[in-house]
There are 2 protein chains.
Amino acid sequence: MKTKILIADDHSMFADGIASILNEQENLEVIGKCIDGLSVEGFLENNEVDLILLDVNLPGKNGIEVCKDVLKVYPKIHILAISMHNQESYVSEILKNGAKGYILKNTGRDELLQAISSIQNGETFFSKDVTETIMRGLMNERKASNANIKLIPKITRREKEVLKLIVQEHTTQEIADKLYIALKTVESHRSSLLAKLNARNTAGLVRITIENKLLD
Amino acid sequence: MKTKILIADDHSMFADGIASILNEQENLEVIGKCIDGLSVEGFLENNEVDLILLDVNLPGKNGIEVCKDVLKVYPKIHILAISMHNQESYVSEILKNGAKGYILKNTGRDELLQAISSIQNGETFFSKDVTETIMRGLMNERKASNANIKLIPKITRREKEVLKLIVQEHTTQEIADKLYIALKTVESHRSSLLAKLNARNTAGLVRITIENKLLD
DNA sequence: GAAAAACCTAGGGTAAACCCTCAATTTTAA
DNA sequence: TTAAAATTGAGGGTTTACCCTAGGTTTTTC
């Protein structure tokens, strides 16, 4: 009986590549691919899945939320998180939500297969770098223990427009002119964005926006 | 005679996946992988390569520079650019430097194979989205024709330290305290960074830093 | 081993971002 | 259809970022 795998990643080429690797294995079978968070749950309604390879940074609905929601309904599914970012907040957050492992995209084929094998056996698996990151996080003993990822609140249509222009290096005045609204209005939206994204300044706004693909 | 392919991408898992797809084809053969720009030229000295799949955003030395330098020495090699970003500046810049095609990571397996096939036949190939981007760029008829990618000048040790702290949302004053230098000194470094990265403000600094992986 | 370049350091002045409070109108959802 | 959320905008102030200029120091380069 082959392990049925679903790949959730917004880069089709990456998903296809992984699928090719996995399908070479005689005990694994990729039965589906999803390019955003929302379509994962839809796929699960119509297909039986044993394991999900889940990108943490998915557009639409990020991997952390997907993980939480999927496991509520299908607690038997194993989830292996895949990410470009070795950030402690991502790792700890998705593990809290039930993922069985976390590997980075800069690790290779063999480690991927090893991770899947471990998880099939009910174990957990983490990339070496990820393990270090977690340890380092524990060492620092979390001054801001709860201040890791606040799952990002919903960003409104107008806020998104403003955010996009900020990332494109426009000043508040320029944004006001482009959107035909007052300077003060744009400042309001900026404030809301800083609060919602939990950023201290423009730098954080831009970094968080890119890392979480908020403009997709 | 199989086409000998080199894959240059800093995400091993992605490279391995692509390799798996390509090696399934009877006329293709992946003979090497590089995880940064600098090692490409070293590889070419010792191996005969027909085609390079080149990530545009490579750490160390980005794809655009690699493309230029490789073709100087090995003009017969075909280069297919691969990128996450559908940005006109990237596309036009790498094409000027001799790449034969440009595909996005969110396109799938079939398109990848088609692209390679086209390029083998001496044609060019672009993802549909990329074609649109180029066309749109031509329409706007380049007000800032030369202001696309200025290949990013070398960033000094101190600038890199400052840049890292900026991306981490620290203010100029905080950075000055951390580095034990004057506020004004940090501001100077900020100015140099704005100039070198061709950014208008902090937003641009952060975006360009992340997109070009300047902190790796 | 001296000239040239690159780097690090800073000052003064202006522009932009950020903060807090408050409130009217419009849109969305229960 | 009414309560909640979103959009709009104001006053008034503080902090931070950005621009231009420039001297001293290290590092190349010939």
Side-chain angles (χ1 to χ4, degrees), chain A residues 38 60-61 65 144 147 150-210 212 214-215, chain B residues 60-61 65 144 147 150-212 214-215:
Chain A
L38 294 167
K61 182 175 182 178
E65 291 177 77
K150 318 200 179 277
L151 292 183
I152 292 168
K154 191 162 133 277
I155 292 183
T156 69
R157 184 196 108 251
R158 206 52 155 172
E159 284 166 354
K160 197 167 177 176
E161 290 174 352
V162 171
L163 186 54
K164 190 170 190 172
L165 292 167
I166 291 172
V167 173
Q168 288 172 3
E169 302 180 47
H170 294 291
T171 66
T172 303
Q173 183 61 62
E174 289 170 355
I175 295 170
D177 294 344
K178 272 181 187 286
L179 300 182
Y180 302 107
I181 54 180
L183 180 70
K184 281 296 183 182
T185 306
V186 179
E187 286 188 340
S188 284
H189 291 309
R190 274 191 104 115
S191 285
S192 306
L193 286 166
L194 286 171
K196 284 189 181 176
L197 303 194
N198 200 30
R200 295 181 64 194
N201 51 35
T202 304
L205 231 42
V206 174
R207 182 176 53 72
I208 293 166
T209 299
I210 295 176
N212 293 282
L214 298 183
L215 298 180
Chain B
K61 183 174 182 178
E65 291 177 79
K150 321 206 177 270
L151 292 183
I152 292 169
K154 193 161 130 277
I155 293 183
T156 70
R157 182 196 109 254
R158 205 54 155 171
E159 285 165 352
K160 198 167 178 175
E161 289 174 349
V162 171
L163 186 55
K164 190 170 190 172
L165 292 167
I166 290 172
V167 174
Q168 289 172 3
E169 300 180 49
H170 294 290
T171 66
T172 303
Q173 184 61 62
E174 289 170 356
I175 295 170
D177 293 345
K178 272 181 187 286
L179 300 181
Y180 302 106
I181 53 181
L183 179 71
K184 283 298 179 183
T185 306
V186 179
E187 288 187 335
S188 282
H189 291 309
R190 274 191 104 114
S191 284
S192 305
L193 286 166
L194 286 172
K196 284 188 181 177
L197 303 194
N198 200 30
R200 294 181 65 195
N201 51 34
T202 304
L205 230 45
V206 174
R207 183 176 53 73
I208 294 166
T209 300
I210 295 175
E211 283 177 356
N212 293 283
L214 298 181
L215 298 179

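What you are looking at is a predicted structure, and each value in this text was computed from that prediction instead of being measured. Proteins get letters first, then strands, A, B, ... in listed order; numbering begins at 1 in each.
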**Q** For the residue pair A/His170 and B/Asn201, establish whether any side-chain heavy-atom pair is separated by less than 4.5 Å.
**A**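 Not touching, per the 4.5 Å side-chain cut-off.
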**Q** Return the value, rounded to whole Å, for the distance between atom CZ of A/Arg190 and atom C1' of C/dC19.
**A**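 Distance check: A/Arg190 CZ to C/dC19 C1' gives 13 Å.
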**Q** Between C/dA17 atom C1' and A/His189 atom NE2, what is the distance in whole Å?
**A**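 Whole-Å distance recorded here is 16 Å.
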**Q** Please identify which of these residues, B/Val186, B/Thr209, B/Thr172, B/Leu205, meets the side chain to side chain contact (heavy atoms under 4.5 Å, CB included) condition with B/Ile166.
**A**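 Result: among B/Val186, B/Thr209, B/Thr172, B/Leu205, B/Leu205 is the only option passing the side chain to side chain contact (heavy atoms under 4.5 Å, CB included) with B/Ile166.
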**Q** Can you find a side chain N or O atom of B/Arg200 that sits less than 4.0 Å from OP1 or OP2 on D/dC18?
**A**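 No.
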**Q** Are any of the side-chain heavy atoms of B/Glu174 and B/Asp177 separated by less than 4.5 Å?
**A**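 A side-chain contact is absent here, since even the closest heavy-atom pair is not under 4.5 Å.
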**Q** How far apart are the C-alpha atoms of A/Arg157 and A/Val162, what are their side-chain angles, what is the distance that settles it, and do they pass the side chain to side chain contact (heavy atoms under 4.5 Å, CB included) test?
**A** CA-CA 9 Å; A/Arg157 184 196 108 251; A/Val162 171; over 6 Å; no
**Q** Is any side-chain heavy atom of B/Lys160 less than 4.5 Å from a side-chain heavy atom of B/Leu214?
**A**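 Heavy-atom side-chain distance check fails, nothing below 4.5 Å.
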**Q** Would you say the side chain of A/Lys184 and the base of D/dG13 hold a donor-acceptor pair, judged only by whether the two atoms sit under 3.5 Å apart?
**A**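 Not at all, since no donor on one side and acceptor on the other fall under 3.5 Å apart.
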**Q** Does the side chain of A/Arg190 come under 3.5 Å of the side chain of A/Thr202 through a donor N or O and an acceptor N or O?
**A**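 Yes, A/Thr202 and A/Arg190 have a side-chain donor paired with an acceptor closer than 3.5 Å.
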**Q** Any salt bridge linking A/Glu161 with A/Lys178? Criterion: basic side-chain nitrogen under 4.0 Å from a carboxylate oxygen.
**A**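 Salt bridge: no.
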**Q** Indicate whether OP1 or OP2 belonging to C/dA17 is found under 4.0 Å from a side-chain N or O atom of B/Thr202.
**A**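 For C/dA17, OP1/OP2 do not have a side-chain N/O of B/Thr202 under 4.0 Å.
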**Q** Please find the pair of heavy atoms, one from A/Glu159 and one from A/Ser192, that lie closest to each other, and give the distance.
**A**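 Of all heavy-atom pairs spanning A/Glu159 and A/Ser192, the closest is OE2-CB, 3.4 Å.
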**Q** Expressed in angstrom and rounded to an integer, what is the separation of B/Asn201 atom CG from C/dA16 atom P?
**A**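 My rounded result for the distance is 10 Å.
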**Q** Rounded off to whole Å, could you give me the CD-to-P distance for the A/Glu187 and D/dT7 pair?
**A**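 After rounding, the gap between these two atoms is 17 Å.
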**Q** Starting from P on C/dA16, measure out to CG on A/Leu205 and report it in whole angstrom.
**A**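 Going from A/Leu205 (CG) to C/dA16 (P), I get 18 Å.
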**Q** Using a strict heavy-atom distance below 4.0 Å, which residues from residues 154-181 of chain A are in contact with DNA chain C?
**A**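 Nucleic-acid contacts, sorted: A/Thr171, A/Thr172.
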**Q** Is any NZ, NE, NH1 or NH2 atom of the basic residue among A/Lys184 and A/Glu187 found under 4.0 Å from an Asp or Glu carboxylate oxygen of the other?
**A**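 A salt bridge links A/Lys184 with A/Glu187.
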**Q** Per the end-axis method with five pairs at each terminus, what is the bend angle of the helix from C/dG1-D/dC30 to C/dA30-D/dT1, to 10°?
**A**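 If I round to tens, the end axes sit 70° apart.
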**Q** Take the protein atom CG of B/Leu183 and the nucleotide atom P of C/dG12, then report the distance between them rounded to whole Å.
**A**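 Rounding to the nearest Å, CG of B/Leu183 and P of C/dG12 are 12 Å apart.
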**Q** Give a yes/no on whether any side-chain N or O of B/Thr185 is located under 4.0 angstrom from OP1 or OP2 of C/dT9.
**A**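 B/Thr185 to C/dT9 OP1/OP2: no side-chain N or O under 4.0 Å.
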